[in-house]
Amino acid sequence: MQKTLKKLFILSALALSTPVISKSVIGATGYANDGLITDQSRNRTIPINITLPSNNAECTEQVKCPVAFINAGYGISHKKYTFASNAFNQRGYLTIAVAHELETDPDLNREQPYLTTRMENWHRGVVTLKFLVNELSSKYPAYDFTKLTLFGHSNGGDISSLYGSIYPNEVSTIITLDHRRMLIPRNKNIRVLTLRGSDYPADANVLLNDLELDKFPVTQTLIEKSRHNDMYDCGPKWLVDRMSKEVEVFLAQ
């Protein structure tokens with residue numbers, strides 16, 4: 001399994017080495033900023049939503065504030081995770097919510113094994129994130145794009161996990177909401193929180209076993225009576241409140 005993953009990561013990394021030329025139509029001002037960024041190398045226009053932290057005035061090029069990318073679940077708007085962006089903003093993070101799925105993209109593959117059949121989708125997401133890191137780091141010089149926090153629900157969590165596996169030195173933290181396909185990175189330098197729904201199991205080896213949990217800084221929390229498809233802003237209030245609390249506690253550690 002590890003050899004197969006290594007090959008997949010190598011192929012993905014090789015594709016990511018293609019230089020990108022970009023044109024941006026988003027500025028670096030305002031508390032909440034909707035915009036589009038075009039990756040001309042892929043002819044891909046990416047919708048994003050950027051929110052500044054509550055302590056924005058304290059962020060400088062000398063003392064940079066952290067950055068969190070929010071990666072939506074498949075079929076859910078990237079703007080429907082405000083509970084997460086609010087938690088990050090209150091802890092001093094710049095947040096960038098990313099729309100990974102465009103109307104022109106192929107549908108998410110429903111055939112197993114997902115670890116290979118969905119790699120195209122996840123790889124496209126990783127390419128998008130890498131492009132945004134390169135593009136936005138110069139526009140937001142008061143924020144640290146070298147040690148990212150990646151947040152993702154479902155397929156967005158799979159993208160986050162793949163990015164952390166390919167670029168472990170660029171990621172400090174991963175938070176996922178019931179992602180089920182891509183293996184959580186086993187890395188002592190990446191803190192992970194994964195909140196688990198109660199209606200679907202994860203695929204084999206996605207989650208850590210007891211021996212691995214003793215070795216790596218990973219927290220796996222089951223939320224009883226929660227449903228996979230409810231883990232966003234429009235889910236039941238008790239669940240949104242619980243997820244907010246879990247994220248806030250984890251970030252405070």
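Note that the structure is predicted; figures quoted are calculated from it, not measured.
- A donor-acceptor pair is defined here as one N or O able to donate and one able to accept, closer than 3.5 Å; such a pair exists between the side chain of R196 and the backbone of H179.
- Within a 6.0 Å radius of CG in N209, other residues, nucleotides and ligands contribute more than 12 heavy atoms.
- The existence of a salt bridge linking R181 and D203 is confirmed by a sub-4.0 Å separation between a basic side-chain nitrogen and an acidic carboxylate oxygen.
- For E212, the CD atom is densely surrounded, since the number of other residues' heavy atoms within 6.0 Å is greater than 12.
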Please evaluate residues F69 and V133 with respect to the criterion side-chain contact (heavy atoms from CB on, under 4.5 Å), reporting the C-alpha separation (whole Å), side-chain torsions for both, the decisive distance (0.1 Å), and the verdict. CA-CA 9 Å; F69 280 90; V133 168; 3.8 Å; yes

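- Looking at heavy atoms from C-beta onward, L150 lies out of side-chain contact with I159 at the 4.5 angstrom threshold.
- A distance of 8.5 Å separates OG1 in T95 from CG in N86, rounded to the nearest 0.5 Å.
- S226 and G197 get closest at one heavy-atom pair: OG-CA, 3.2 Å.
- For K64, the NZ atom is densely surrounded, since the number of other residues' heavy atoms within 6.0 Å is greater than 12.
- I190 and I175 fall into different hydrophobic clusters, where Ile, Leu, Val, Met, Phe, Trp and Tyr side chains are chained together by heavy-atom contacts under 4.5 Å.
- Residues G92 and P53 approach most closely at C-CB, 3.4 Å, considering heavy atoms.
- Hydrophobic clustering (ILVMFWY, side-chain heavy atoms < 4.5 Å, transitive): F151 and Y143 are in distinct clusters.
- For the pair P47 and T45, the tightest heavy-atom approach, listed with the atom from each and the gap, is CD-O, 3.5 Å.
- Figure legend: R91 and Y93 shown without cation-pi pairing, the cationic atom not lying both under 6.0 angstrom from the six-membered ring centre and within 45 degrees of its axis.
- Considering only heavy atoms from C-beta on, K130 comes within 4.5 Å of E170 through its side chain.
- A single hydrophobic cluster is not seen to contain both V98 and M231; linkage of ILVMFWY side chains at heavy-atom distances under 4.5 Å, directly or through other members, places them apart.
- Counting only N and O atoms by type, the side chains of R42 and T128 include a donor and acceptor under 3.5 Å apart.
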Test side-chain contact (heavy atoms from CB on, under 4.5 Å) on I50 and Y140; report intermediate values, then the result. CA-CA 11 Å; I50 296 177; Y140 293 85; 3.5 Å; yes

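- The hydrophobic cluster containing Y74 does not contain L129, counting ILVMFWY residues as joined when their side-chain heavy atoms lie under 4.5 angstrom apart, directly or transitively.
- For the pair L183 and A204, the tightest heavy-atom approach, listed with the atom from each and the gap, is CD1-O, 4.5 Å.
- Checked by atom type and distance alone, the side chain of D158 pairs as donor or acceptor with a backbone atom of M182 at under 3.5 Å.
- At a threshold of 4.5 Å between non-hydrogen side-chain atoms, the residues F88 and L94 do not count as touching.
- Looking at T221, its side chain never comes within 3.5 Å of a backbone N or O of L195 through a donor-acceptor pair.
- Within the model, atoms CG of N205 and CZ of R186 stand 6.5 Å from one another, a figure rounded to the nearest 0.5 Å.
- Between the side chain of D178 and the backbone N or O of H228 there is no donor-acceptor pair closer than 3.5 Å.
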Could you go through N71 and H100, starting from their C-alpha distance and side-chain angles, then the distance that decides it, and tell me whether this counts as side chain to side chain donor-acceptor pair (under 3.5 Å)? CA-CA 7 Å; N71 304 289; H100 283 288; 2.7 Å; yes

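- Other residues, nucleotides and ligands contribute at most 12 non-hydrogen atoms within 6.0 Å of the CG atom of D210.
- Q90 places none of its side-chain heavy atoms less than 4.5 Å from the side chain of L251.
- One finds the OG1 atom of T117 at 7.0 Å from the CH2 atom of W122 (value rounded to the nearest 0.5 Å).
- Within the 4.5 Å cutoff, side-chain heavy atoms of R124 are placed close to those of P106.
- Side-chain atoms of S160 do not come within 3.5 Å of backbone N or O of I174 as any donor-acceptor pair.
- Once rounded to the nearest 0.5 Å, the distance linking CG of L213 with CG of L207 reads 8.5 Å.
- A72 approaches S77 most closely through the heavy-atom pair CB-O, 3.9 Å.
- In this structure, N189 CG and T173 OG1 are separated by 11.0 Å, a value rounded to the nearest 0.5 Å.
- In this structure, the side chains of M243 and I223 come closer than 4.5 Å at one or more pairs of heavy atoms.
- Under 4.0 Å is where a charged nitrogen must lie from a carboxylate oxygen, and between D105 and R44 at least one such pair does.
- Between atom CD1 of residue I48 and atom CG of residue L132 there is a gap of 6.0 Å, rounded to the nearest 0.5 Å.
- Using a 4.5 Å cut-off on side-chain heavy atoms (C-beta onward), Q220 and I184 make contact.
- Counting non-hydrogen atoms of neighbouring residues, nucleotides and ligands closer than 6.0 angstrom, the CD atom of Q253 exceeds 12 such neighbours.
- Residues I70 and H78 have side chains not in contact (no heavy-atom distance under 4.5 Å, counting atoms from C-beta outward).
- Judged purely by distance below 3.5 Å, without hydrogens or angles, the side chains of H153 and Y232 never pair a donor atom with an acceptor atom.
- Shown here for F250 and R191, the closest heavy-atom pair between the two residues is O-NH2, 3.0 Å.
- Counting only distance, with no hydrogens or angles, the side chain of S172 and the backbone of L148 share a donor-acceptor pair below 3.5 Å.
- A donor-acceptor pair under 3.5 Å links the side-chain atoms of K147 to the main chain of N169, judged by distance alone.
- Put simply, the side chain of N109 never gets that close to the backbone of Y114: no donor and acceptor are under 3.5 Å apart.
- One hydrophobic cluster holds both V171 and F131 under the rule that ILVMFWY side chains link at heavy-atom gaps under 4.5 Å.
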